[in-house]
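Read the structure below first, then the notes.
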Amino acid sequence: MDARAVPWIVALPLAGAVANGLWGGRLGRRGVSLVACLAVLAAFLVSAGAARDLAAAGPSPQVVRLFDWVAVGEFRASAALQWDPLSALLALVVTGVGFLIHVYSVGYMADDPDYSRYFTYLNLFVASMLVLVLGANLLVLFVGWELVGLCSYLLIGFWFERPAAAAAGRKAFVVNRLGDAAFVLGILSVWALLGTLEFREIWRLLGDGGGALRGHPGLVAASLLLFAGATGKSAQLPLYVWLPDAMEGPTPVSALIHAATMVTAGVFLVGRLWPLFEAAGPVLGAVVAPVGAATALFAATVAVTQYDLKRVLAYSTISQLGYMFLALGVGGGGAAFFHLTTHAFFKALLFLAAGSVMHALHGQIDLRHLGGLRRYMPLTFLGFVVGALSLAGIPPLSGFWSKEEILHAARAHAVGVWAVALVTSFVTAYYATRAAVLAFFGEAHQPAHAHDPPPAMAWPMAGLVVLSAVGGFVGAGWAAAPLHALLQPVFGEHGKAAAGSGEVVLAVSVAVAGVLAGWWAHRGRREPDLGPVGRVLAAGWGVEALYDRALVRPAKAFSRLLAERVDAGGIDRTASALAEAVVRAASAVRTWQTGNVRQYAAGVLAGAVVLFAYWVLR
Amino acid sequence: MTVDLRPLAPEVVVAAAALLALLADVFTRTSRARAVWWLVALVALGWAAGAVWTAGEGAFGVLYARDGLANALQLVGLAVAAGGMLLARDYLARVGLDRGEYYALVLLSTVGAMLMVASQDLLFLFVALETLSVPLYVLAGFARDSHRSQEASLKYFLLGSFASALLLYGVALVYGATGSTGLARLAGAEGSFPLLVGLGLVVVGLGFKAAVVPFHAWAPDVYEGAPVPAVAFMSVLAKVGAVGALVRLLPLTLPHLLPAWQPLLAALSAATMVVGNLAALRQTNLKRMLAYSSVSHAGYLLVGVAAGNGTGVWSAVYYLAAYAAMNLGAFGVLTFLERAGVEADEVEDLRGLADRSPALAAAFAVFMASLTGLPPTAGFVGKFYLFMAALQGGLLWLAVVGVITSVVSVAYYLRAAYAAYLGPGRAGVRLHPGPWAGVGLGVSAAATLLFGVLPGPLTTWAQRVAALLR
């Protein structure tokens with residue numbers, strides 16, 4: 001299977017979405033499940049087949065042009081897909097993990113009345129993400145980018161009867177759009193600077209560190225704008241606020257958002273435009289790495305204090321994405337995408353385990369009310385522990401390999417960033433252990449009928465347990481690091497040098513210390529009082545409150561002002577005029593002629609005077 | 001000198017169809033017979049469109065010239081007229097207003113817009129503008145039993161006359177400055193003070209028609225009161241005429257005065273985008289929301305005019321075509337809804353639409369996505385072109401304002417689209433599907449998606465207009 005098969009990777013899930021959207025009602029639940037799951041499975045198989053031939057085809061990306069899309073004079077963008085190591089890796093992760101989550105959903109959503117709508121959105125979500133990772137130019141990528149945002153809005157707000165769900169969906173979309181505004185401006189500036197949006201052209205123009213354009217201010221501006229877009233989609237400081245609320249959607253959706261689709265898009269964008277970021281001089285080291293490091297530590301500390309298990313996992317995702325940006329910032333592109341892959345495995349596993357807890361306990365997810373579940377739900381327990389230890393970076397689980405590589409890359413480039421990453425590693429191990437202890441150990445709080453989920457949910461979890469346990473070997477040095485061999489043409493030699501044994505011992509000791517500290521502090525489901533520090537952390541360092549005061553409320557006040565003053569006339573006076581008109585229709589004409597119309601005419605005149613003044617004063 | 005009437009043939013056909021539509025009421029009693037006349041008028045529109053399509057260049061004296069811009073915008077105008085007729089028929093029949101005059105007014109107004117985009121003389125432009133406007137005043141008040149409709153009509157008329165007077169005064173000043181009202185003489189004119197003031201007043205008059213801030217205050221009130229199909233029609237057609245005239249007057253005729261008018265147009269554009277979108281945010285009445293949305297779109301269209309370059313000119317033409325499809329569609333959906341005997345015009349009234357008619361809800365979502373500028377719809381491609389033009393024209397800040405206001409607009413468009421997918425429906429709201437309006441909506445939705453996924457042909461077509469740039 002060569003690159004010509006690539007359009008099918010997008011077309012199959014899209015066809016699934018169309019089929020379920022139009023005929024979902026007639027297909028029945030079994031039909032809907034089959035269509036949705038098989039569409040994603042088929043996309044995965046096509047990706048795997050095409051990826052196998054990638055090595056034979058050589059390092060240059062293959063582009064499949066579908067049709068001319070937009071043409072403005074010398075500027076042309078076609079609807080085209082690109083098949084190269086990076087898009088292949090992401091396509092495999094998206095469709096592979098996506099498939100497992102689809103299967104899991106069959107069990108999880110079995111009783112939901114909107115079954116076919118759910119799977120329509122889910123397939124559409126996967127298809128959108130595939131457009132994003134396969135696009136051959138920034139414009140196609142942007143189409144996927146926006147569709148992913150739209151689908152997340154639909155899925156987070158899936159249970160729209162709950163006001164919190166609808167609000168969370170809106171918040172996700174609006175915050176994402178803030179990042180998107182920067183992204184669009186970034187696209188426009190790339191075009192203004194380079195005259196092209198095709199990735200291959202950008203690479204050609206900026207290869208070897210950017211040539212004459214190296215450090216060009218326009219390039220710096222473009223990369224900053226694009227990075228701002230990435231922080232929105234990948235929930236980094238300061239635009240992370242939507243992700244913790246995004247928990248209002250069905251849990252498999254959270255798994256999909258956190259593991260396979262959506263939040264990895266920002267990391268992917270930076271990787272995709274790697275030559276541009278490298279050529280932009282100090283942006284990677286001075287902006288991307290610090291933002292990533294700060295987000296990693298910040299979100300990890302907040303995760304320590306959360307009681308909602310899914311919010312713990314959400315902050316953990318923000319933190320782990322911070323790791324990926326940190327790795328990109330210190331030049332470790334290979335390490336970042338290695339971590340993206342392992343994170344997809346263990347984070348999906350953690351969410352599916354959390355979902356199976358919710359499934360068994362009718363939505364109960366508060367860590368204060370859980371406990372002792374390991375006796376009733378052995379598989380879920382195993383899944384959560386493997387996921388948590390992998391997240392903590394305990395060898396030989398998958399997270400260990402990729403995190404260790406990030407630490408190594410950071411150490412080599414920026415000691416400060418490395419120190420932050422190391423501290424974060426300790427905190428990560430601590431909160432992962434805390435969540436596992438509070439949910440699965442100690443005395444049971446639940447009715448004894450809690451049990452492991454049905455096979456449709458159990459098998460995907462089992463698959464992810466295996467992947468989380470041994471998935472790290474794809475990048476391990478002793479296994480010849482096939483992942484790095486694949487990504488080598490994209491990121492060059494960065495991040496390949498093996499870490500010294502001293503570094504590995506230090507990293508593992510820190511992780512183990514975190515686990516032991518978490519175990520000791522919460523032994524027997526204890527919850528030590530962290531005092532005022534704990535309250536600050538629990539409130540997310542007050543960032544959201546600050547946003548509310550500094551941004552949300554002024555914006556609301558401003559639009560209220562506009563509505564009441566500027567639009568004033570509008571509603572109120574029309575309403576009163578109407579009321580009068582009903583009572584005394586005959587005199588209504590007089591009402592129309594006074595006030596309103598004169599006021600409007602005065603507005604027109606004032607505008608004309610301003611124009612006049614402009615000519616005079618010019 | 002022989003007078004060649006052939007370039008005017010499309011206008012003559014549409015005007016004749018208008019007269020036929022008026023006569024129809026005299027000779028027919030049954031609604032079936034009226035439908036025949038209505039179809040004849042529709043066919044006449046198609047015939048006129050064919051004539052415009054095949055027409056090359058031509059002129060009627062020094063007042064009127066058929067060129068690329070005129071042909072392109074006349075086609076858009078004819079499409080809008082066809083859309084206006086399709087969307088109106090089922091609605092008017094339902095509310096008992098199915099009279100020939102309605103279609104006659106639609107067609108006459110279309111003739112005005114067609115003349116407006118082809119006029120080569122400011123006085124002729126004024127006459128064309130009135131031909132466009134007067135039928136719109138009447139259409140706004142077409143629901144004779146509705147006080148809101150009457151009020152809308154009167155308000156529109158009073159303010160419209162005021163704006164026309166300003167425009168006429170501007171024409172007088174231009175005449176005083178250059179000794180002519182012809183665009184040919186204006187083309188090389190020196191940028192004297194009276195000329196600039198005169199131009200400014202002409203811009204005010206045209207800006208009023210297009211609902212440009214600060215000349216927009218009438219739009220929400222008028223749109224709220226007028227019957228929905230009339231709003232759908234007038235909100236687009238007036239913009240076709242006004243933006244077409246602005247394009248002809250400024251970038252095409254006065255490129256040498258660009259430094260003088262560009263800052264002004266850019267400021268108007270930015271103000272319109274900001275005020276339109278922010279004011280729309282808090283509307284709970286769908287018609288008012290769409291009215292402010294229509295205001296904001298005048299701002300986006302002005303980005304193309306302000307850019308002052310070839311890309312700006314053809315982007316504005318492209319965006320007019322895209323706007324015609326998506327805005328006719330957005331208002332068209334409302335023609336199907338009724339609450340307690342009147343138009344259902346609250347955002348809440350859309351609730352449960354997806355359950356009752358999935359196709360209608362999907363079409364509405366497409367229109368909203370396109371108005372926001374989400375890919376892959378016509379609105380996205382159009383806005384992309386316009387912002388590109390602004391960048392090429394050195395108006396980076398205007399592009400930034402455009403992008404940011406588009407982002408803001410997501411909030412209110414999506415709220416409306418989302419309402420359609422929330423169940424259950426609001427009590428008392430009824431859905432009246434109509435076959436003809438269904439055809440109109442289907443075509444609009446298909447065009448909105450087609451221009452977004454495969455914008456190539458329409459782009460090439462619009463780009464021919466840029467060849468006019470001196």
Side-chain angles (χ1 to χ4, degrees), chain A residues 67-73 75 79 139 142-143 146-147 150 153 157 160 166 169-170 173-174 177-178 180-181 184-185 188 191-192 558-560 562-563 566-567 569-571 574 577-578 581-582 585 588-589 592-593 596-597 599-601 603-608 610-612 614-616 618, chain B residues 147-148 151 154-155 158-159 162-163 166 193 196-197 200-201 203-204 207-208 213-215 217-218 220-221 224-225 260 263-264 275 278-279 281-283 285 288 310-311 369 374-376 381 384-385 387-388 391 399-400 403-404 406-407 410-411 414-415 418 421-422 453-456 459-460:
Chain A
F67 53 85
D68 280 324
W69 188 32
V70 185
V72 190
F75 165 74
L139 226 47
F142 182 69
V143 172
E146 286 295 306
L147 286 174
L150 197 65
Y153 173 65
F160 49 71
R170 234 180 355 253
F173 198 67
V174 170
R177 287 290 291 178
L178 280 178
D180 294 353
V184 174
L185 295 173
L188 288 172
W191 178 75
F558 183 55
S559 85
R560 202 178 311 126
L562 265 183
V566 178
D567 184 40
I571 299 174
T574 311
L578 265 179
V582 173
V589 174
W592 305 331
Q593 284 177 331
N596 230 353
V597 173
Q599 182 197 333
Y600 291 173
V604 174
L605 196 61
V610 169
L611 294 198
F612 186 81
Y614 169 74
W615 296 127
V616 176
R618 195 165 63 97
Chain B
H147 292 293
R148 295 205 307 178
E151 181 186 337
L154 190 60
K155 235 179 226 172
L158 287 174
L159 290 164
F162 185 63
L166 287 178
F193 182 67
L196 290 179
V197 173
L201 289 174
V203 169
V204 171
F208 175 88
V213 172
F215 321 115
W218 58 275
D221 290 11
E224 192 184 3
L264 192 73
V275 172
L278 285 182
L281 273 180
R282 293 193 66 83
Q283 302 303 325
N285 181 299
R288 286 187 82 79
T311 311
L374 288 180
V381 177
F384 188 81
Y385 287 159
F387 299 155
M388 206 82 128
L391 275 187
V400 172
V403 169
I404 291 174
S406 308
V407 167
V410 170
L414 245 86
R415 196 181 49 193
Y418 206 50
Y421 281 88
L422 295 181
V453 177
L454 290 171
T459 308
T460 322

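Reminder, nothing fancy here: chain letters follow the sequence lines and each chain counts from 1. Only this structure's heavy atoms are used, side chains among them; waters, hydrogens and symmetry mates stay out.
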Quick check for you: to the nearest 0.5 Å, what is the distance between Leu178(A) atom CG and Ile404(B) atom CD1? 9.0 Å
Considering only heavy atoms, which portion of Val184(A) lies under 4.5 Å from any heavy atom of chain B: side chain, backbone, both, or neither? side chain
For the residue pair Leu147(A) and Pro375(B), what are the closest heavy atoms and their distance? CD2-O, 4.3 Å
Atom group of Val410(B) that falls short of 4.5 Å from chain A, counting heavy atoms: side chain
At their closest point, which heavy atom of Ala181(A) faces which heavy atom of Val403(B), and how far apart are they? O-CG1, 3.6 Å
Based on non-hydrogen pairs under 4.5 Å, which of Leu201(B), Val381(B), Val400(B), Asn285(B) is most in contact with chain A? Val400(B)
By ring-ring contact (aromatic ring centres under 6.0 Å, His included) - contacts of Phe162(B) (at least two apart): none
Interface residue of largest heavy-atom contact number with chain A, from Val453(B), Val203(B), Leu454(B), Thr460(B), under 4.5 Å: Val453(B)
Between Val213(B), Val204(B), Leu166(B), Leu264(B), which has the largest tally of heavy atom pairs under 4.5 Å with chain A? Leu264(B)
